[in-house]
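What follows is a single structure, written as structure tokens, with notes after it.
Chain identifiers are assigned alphabetically (A, B, ...) following the order of the sequence lines, protein sequences preceding nucleic acid strands; residue numbering begins at 1 within each chain. Computed from a predicted structure; not experimentally measured.
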2 protein chains.
Amino acid sequence: MKTRPNILETGTPLFCDLYHLTMAQAWFLDGKAEDYKVSEAFFRKCPFGGSYLMAAGLGEFMQWLERWHFSKEDIESLKNDRNEDGSRIFNDEFLQFLEGQELKVTIRAVPEGELVFPNEPVYSVSGPNWQVELAEAALLNIFNAQSLIATKASRMAYAANLDGKKRPLLEFGVRRGHELGGFSETRAAFIGGAAGTSNKAAAKHYGIRAAGTMAHSFVMSYEREVDAFKAFMRGNPHNTTLLVDTYDTREGIKNAIRAAKETGIKLMGIRIDSGDLAYWGNEARRLLCEAEMPDVRLAASNDLDEYLIENLIMVQKAPYDILAAGTKLVTAYDTPALGGVFKTKSYMGQPKIKIAEGKTTIPGMTDTLRIIRNGKFEGDVICRAEDTDLIRDGRLTRNITSYALGSQNGARATFQRGEQAKFLLHPVVEKGKIVNVPELDLHVLQQRGKDNLKMLDSAYKRLANPHLYGVGLEAGLFTLQQDLIRVHSGR
Amino acid sequence: MKTRPNILETGTPLFCDLYHLTMAQAWFLDGKAEDYKVSEAFFRKCPFGGSYLMAAGLGEFMQWLERWHFSKEDIESLKNDRNEDGSRIFNDEFLQFLEGQELKVTIRAVPEGELVFPNEPVYSVSGPNWQVELAEAALLNIFNAQSLIATKASRMAYAANLDGKKRPLLEFGVRRGHELGGFSETRAAFIGGAAGTSNKAAAKHYGIRAAGTMAHSFVMSYEREVDAFKAFMRGNPHNTTLLVDTYDTREGIKNAIRAAKETGIKLMGIRIDSGDLAYWGNEARRLLCEAEMPDVRLAASNDLDEYLIENLIMVQKAPYDILAAGTKLVTAYDTPALGGVFKTKSYMGQPKIKIAEGKTTIPGMTDTLRIIRNGKFEGDVICRAEDTDLIRDGRLTRNITSYALGSQNGARATFQRGEQAKFLLHPVVEKGKIVNVPELDLHVLQQRGKDNLKMLDSAYKRLANPHLYGVGLEAGLFTLQQDLIRVHSGR
């Protein structure tokens with residue numbers, strides 16, 4: 001049986017919506033295919049009621065871009081696409097145009113592990129009209145999914161360390177994810193802060209730690225639970241965490257202690273996967289202390305999310321050392337979609353705007369200035385990409401006035417010349433050539449995410465009703481937006 | 001840059017949780033790796049508050065199984081897996097055992113497009129203990145995701161035809177899905193009833209119809225909307241659906257009409273993607289009638305789900321002909337996970353049971369008898385797999401008494417000898433060899449899904465608070481379950 005293709009490996013431009021191709025044909029026939037355009041991706045609302053998004057996915061998007069080309073098979077497929085009346089959708093002239101095309105777009109992007117906020121550009125793609133469009137679906141598919149799950153993981157990892165104690169968050173989601181094999185989900189969860197994954201294939205591919213305990217099925221394969229525990233300890237003597245709730249949790253804990261004593265093998269941990277996690281955590285700790293095994297680690301699982309973790313740790317003071325999350329993490333359960341969009345920002349050098357309530361876009365090619373004060377993110381200012389001289393040697397070269405988004409009521413903040421600042425977008429592709437290979441080592445990306453989160457005040461990381469991070473428009477860009485709004489309302 | 005592997009193509013058994021392998025090692029060292037075991041997959045609760053699940057994913061699961069083997073690279077990866085103390089997780093003796101292993105399991109499965117209900121077996125896997133376990137994660141990953149989305153699609157397609165009028169449901173979800181490239185999501189949505197997809201790569205691979213309209217970006221690439229519409233019509237003269245809400249929806253509708261008149265090209269459709277869909281649908285229809293273009297089709301999009309579709313069609317009588325759904329469909333937004341599980345049902349020929357409130361399992365190897373009366377599904381009875389003589393020539397060979405699940409209060413229904421019936425599980429793999437290649441043509445699978453849904457009374461398809469379909473336990477299986485519960489409560 002033939003399996004699905006690896007679209008990153010094929011680099012097929014058909015990783016798009018059909019309309020990207022029918023629009024390309026119309027532009028081509030109208031002589032506008034090569035018009036110079038800028039489109040940018042951004043999102044309007046943070047998932048999970050949070051205040052930030054952790055960007056993820058760039059490394060995999062670039063793998064597709066690197067191989068981008070129309071294969072003979074792609075052209076053949078387009079030749080066979082039919083309208084309802086049986087006529088061909090794509091004509092020969094257009095297909096000849098596509099054959100042998102090379103990538104010509106220029107791309108700037110927010111690195112993975114960076115924190116971004118609503119309305120800030122996360123990808124800026126410029127170049128020939130038709131090629132800019134053909135990047136949209138792939139870019140959004142990868143960015144939306146991976147950023148969503150990286151953000152979810154970062155929230156859960158944050159909750160897991162709320163009292164200052166380090167507790168690894170493990171990702172155990174492969175059986176409940178939407179992604180075939182769970183690769184995207186494991187990758188994104190690791191960037192967001194998961195210390196390891198149960199997913200062996202993904203762990204192998206990404207070079208990260210595979211982790212796990214044991215299943216109820218192992219216990220059920222023995223007549224007596226204690227025999228199952230002893231066999232598992234003998235089979236895995238250097239890292240045994242026993243699952244104690246197959247039949248009776250209290251007996252299970254006792255059997256785990258007994259198995260350790262009888263085998264003489266060090267019991268590393270006990271996992272509780274059902275019932276009242278706080279109660280059983282305390283009970284396990286009590287029985288382990290009685291047995292003079294105080295250093296056995298306790299692991300909790302069973303539909304954990306950041307709210308349950310926060311409650312377990314901060315309210316119930318449950319004595320867990322390790323937290324394992326599956327379903328709620330890899331499906332981003334409470335906000336299962338990120339609405340990242342990709343909009344035309346300028347066309348043939350003319351800035352473009354879309355005007356709609358709550359959806360009015362920021363015109364022109366942009367970047368984000370992030371102001372850093374005392375080692376913390378102080379506020380962001382969306383600015384014109386051409387204003388590269390706003391920063392020199394990591395400092396603002398002049399005072400910046402920032403205008404509130406969506407308001408006509410004037411300035412919201414001023415940042416002083418000399419303040420520490422950085423731009424968020426980095427060049428990655430220049431006229432089709434990769435100019436900066438993105439970091440692919442997930443450990444480095446995870447560390448970057450952690451470093452960024454350290455620089456975000458905890459008020460913004462509060463799980464519910466966080467403080468909203470300030471994002472404004474630089475004065476020149478604000479004026480451009482207001483001018484365009486006036487032009488449109490006047491016509 | 002190296003891209004991720006295609007795990008279906010590699011057939012890697014590492015498509016598992018790490019604990020499947022550490023358990024295998026413990027069994028191997030304890031001489032229990034080859035013990036004969038039966039495990040079955042089932043789910044406990046239907047998603048979306050519905051009453052049924054449409055099974056999907058088998059075809060892709062089988063593609064992985066067909067190639068199942070440990071590559072040198074897989075063994076090497078396991079050799080390098082480390083415990084926290086730096087010791088190897090897997091020892092040489094176990095890795096030698098794995099090398100060159102062939103698949104030996106036997107599998108029966110519910111075909112794709114079949115409807116299943118809570119607690120019914122959807123996969124039954126038997127064979128050597130360790131190999132049965134190694135199928136779990138792959139099976140659940142594919143089954144959970146694809147069945148969830150097929151079911152969501154079936155609900156939306158049902159809503160789209162509630163008044164008896166056929167309205168195609170198109171899947172436009174690639175940019176919001178969790179699946180890299182959206183292959184799983186497009187595949188499952190099509191099986192569930194989507195008439196086409198915007199996802200060109202997936203449409204090509206699965207041989208299904210790619211569909212689409214145009215984007216706001218096309219309109220924004222022209223100074224005047226009407227010029228954009230005319231260019232798009234000239235570029236795609238045989239199937240033009242124009243998106244009319246880029247600037248002003250009423251003007252957009254008028255411009256679409258004008259573009260058709262001025263180009264002389266037939267306008268196939270108008271798409272509305274924002275605002276009050278009912279109002280603008282009626283307004284578009286009115287303006288099209290005034291222009292004597294009554295046969296132009298109206299397409300609606302913008303966060304559609306089954307409830308909004310039901311309301312648009314049945315309550316607001318909005319005059320749409322085509323419905324396109326993205327986010328809510330491909331992320332299964334309101335229930336983004338299906339909790340399919342895989343449980344030990346018998347071990348070395350002894351039936352096994354897990355006893356827990358609301359989670360007590362049905363022991364032994366099972367199948368489901370579906371009773372069909374007057375062309376409708378009348379009720380299901382979970383029975384012992386060995387009772388193959390319950391049906392001959394599609395008819396019950398004896399009266400069947402069905403006992404309510406989770407109750408000790410006796411029979412809930414009786415089905416008479418001679419009633420039409422079928423078993424739901426079909427043999428697909430026999431001792432590692434594929435004995436029935438599953439249907440892979442998605443058109444056939446979609447038709448099967450439609451045929452099945454026709455046989456399900458509409459009371460069960462009600463979107464909210466549906467009637468619950470009757471599933472019971474066959475008398476002999478009920479007795480076995482009660483006996484095992486007694487044995488366990490006595491010990």
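Checked by atom type and distance alone, the side chain of A:Thr197 pairs as donor or acceptor with a backbone atom of A:Asn199 at under 3.5 Å. Not one N or O on the side chain of A:Asp17 forms a donor-acceptor pair closer than 3.5 Å with the backbone of A:His20. Checked by atom type and distance alone, the side chain of B:Thr249 never pairs as donor or acceptor with a backbone atom of B:Asp245 at under 3.5 Å. A donor-acceptor pair under 3.5 Å is absent between the side-chain atoms of A:Asn236 and the main chain of A:Asn239, judged by distance alone. Put simply, the side chain of B:Ser221 gets close to the backbone of B:Phe218: a donor and an acceptor are under 3.5 Å apart. A donor-acceptor distance shorter than 3.5 angstrom exists from the side chain of B:Gln25 to the backbone of B:Ile89, with no hydrogens or angles considered. A donor-acceptor distance shorter than 3.5 angstrom exists from the side chain of B:His178 to the backbone of A:Pro336, with no hydrogens or angles considered.
Between B:Phe28 and B:Trp130, the ring centre distance reaches or exceeds 6.0 Å.
Using a 4.5 Å cut-off between heavy atoms, B:Ile353 contacts chain A through its backbone alone, with no side-chain atom that close. Only the side chain of A:Leu440 comes within less than 4.5 Å of a heavy atom in chain B; its backbone stays farther off. Interface residue B:Val437: only side-chain heavy atoms are found under 4.5 Å from chain A. Contacts between B:Phe94 and chain A at a heavy-atom distance below 4.5 Å are absent for every atom of the residue. Neither the backbone nor the side chain of B:Arg82 comes within contact range of chain A; no heavy atom of the residue lies under 4.5 Å from a heavy atom of that chain. Neither the backbone nor the side chain of B:Asp35 comes within less than 4.5 Å of any heavy atom in chain A. Both the backbone and the side chain of B:Trp27 have a heavy atom closer than 4.5 Å to some heavy atom of chain A. For B:Lys359, no part lies under 4.5 angstrom from a heavy atom of chain A. Both the backbone and the side chain of B:Glu9 come within contact range of chain A, judged by heavy atoms closer than 4.5 Å. At a 4.5 Å heavy-atom cutoff, A:Val132 makes no contact with chain B through either its backbone or its side chain. Residue B:Leu139: no heavy atom, backbone or side chain, is found under 4.5 Å from chain A. Residue contact with chain A, scored on non-hydrogen atoms closer than 4.5 Å, is absent for B:Arg187. Only the side chain of B:Thr327 has a heavy atom closer than 4.5 Å to any heavy atom of chain A. Contacts of B:Phe183 with chain A are made by both backbone and side-chain atoms, with heavy-atom separations under 4.5 Å.
Atom CZ of B:Phe143 sits about 12.0 Å away from atom CZ of B:Phe342, to the nearest 0.5 Å. With rounding to the nearest 0.5 angstrom, the NE2 atom of A:His205 is 6.5 Å from the OG1 atom of B:Thr3.
Using a 4.0 Å cut-off between charged side-chain N and carboxylate O, B:Glu136 and B:Lys343 make no salt bridge. The residues B:Asp74 and A:Lys204 are annotated as salt-bridged, a charged nitrogen and a carboxylate oxygen being separated by less than 4.0 angstrom. Between B:Arg4 and A:Glu179, at least one side-chain nitrogen of the basic residue sits less than 4.0 Å from a carboxylate oxygen of the acidic one, meeting the salt-bridge criterion. Salt-bridge annotation for B:Lys32 and A:Glu223: absent, with no side-chain N of the basic residue lying under 4.0 Å from a carboxylate O of the acidic one.
For the options B:Thr22, B:Leu8, B:Ile7, B:Leu140, heavy-atom pairs under 4.5 Å to chain A are most numerous at B:Thr22. Per-residue heavy-atom pair counts under 4.5 Å with chain B were compared for A:Val341, A:Thr12, A:Thr331, and the maximum is reached by A:Thr331. When A:Glu66, A:His216, A:Gln350 are compared by the number of non-hydrogen pairs under 4.5 Å with chain B, A:Glu66 comes out ahead. Looking only at heavy-atom pairs under 4.5 Å with chain B, the residue among A:Gln146, A:Arg234, A:Arg67 that has the most is A:Arg67. By number of non-hydrogen pairs under 4.5 angstrom with chain B, the leading residue of A:Lys37, A:Lys354, A:Glu73, A:Met62 is A:Glu73. The choice from B:Gly235, B:Ala26, B:Ala145, B:Ser198 that makes the most heavy-atom pairs within less than 4.5 Å of chain A is B:Ser198. In terms of heavy-atom pairs under 4.5 Å with chain A, the best-connected choice from B:Ser217, B:Ala137, B:Ala210 is B:Ser217. With chain B as the partner, the residue from A:Ser274, A:Ala24, A:Ala138, A:Gly339 showing the most heavy-atom pairs under 4.5 Å is A:Gly339. Ranked by non-hydrogen atom pairs under 4.5 Å with chain A, the options B:Gly212, B:Gly326, B:Gly177 are led by B:Gly177. Between chain A and the residues B:Ala228, B:Ala231, B:Gly181, the largest count of heavy-atom pairs under 4.5 Å involves B:Gly181. Among A:Arg209, A:Met268, A:Lys2, the residue making the largest number of heavy-atom pairs under 4.5 Å with chain B is A:Lys2. Of all the listed residues (B:Leu29, B:Asn144, B:Asp30), the one sharing the greatest number of non-hydrogen pairs under 4.5 Å with chain A is B:Asp30.
Residues A:Tyr333 and B:Thr335 are in side-chain contact: their nearest non-hydrogen atoms beyond the backbone lie under 4.5 Å apart.
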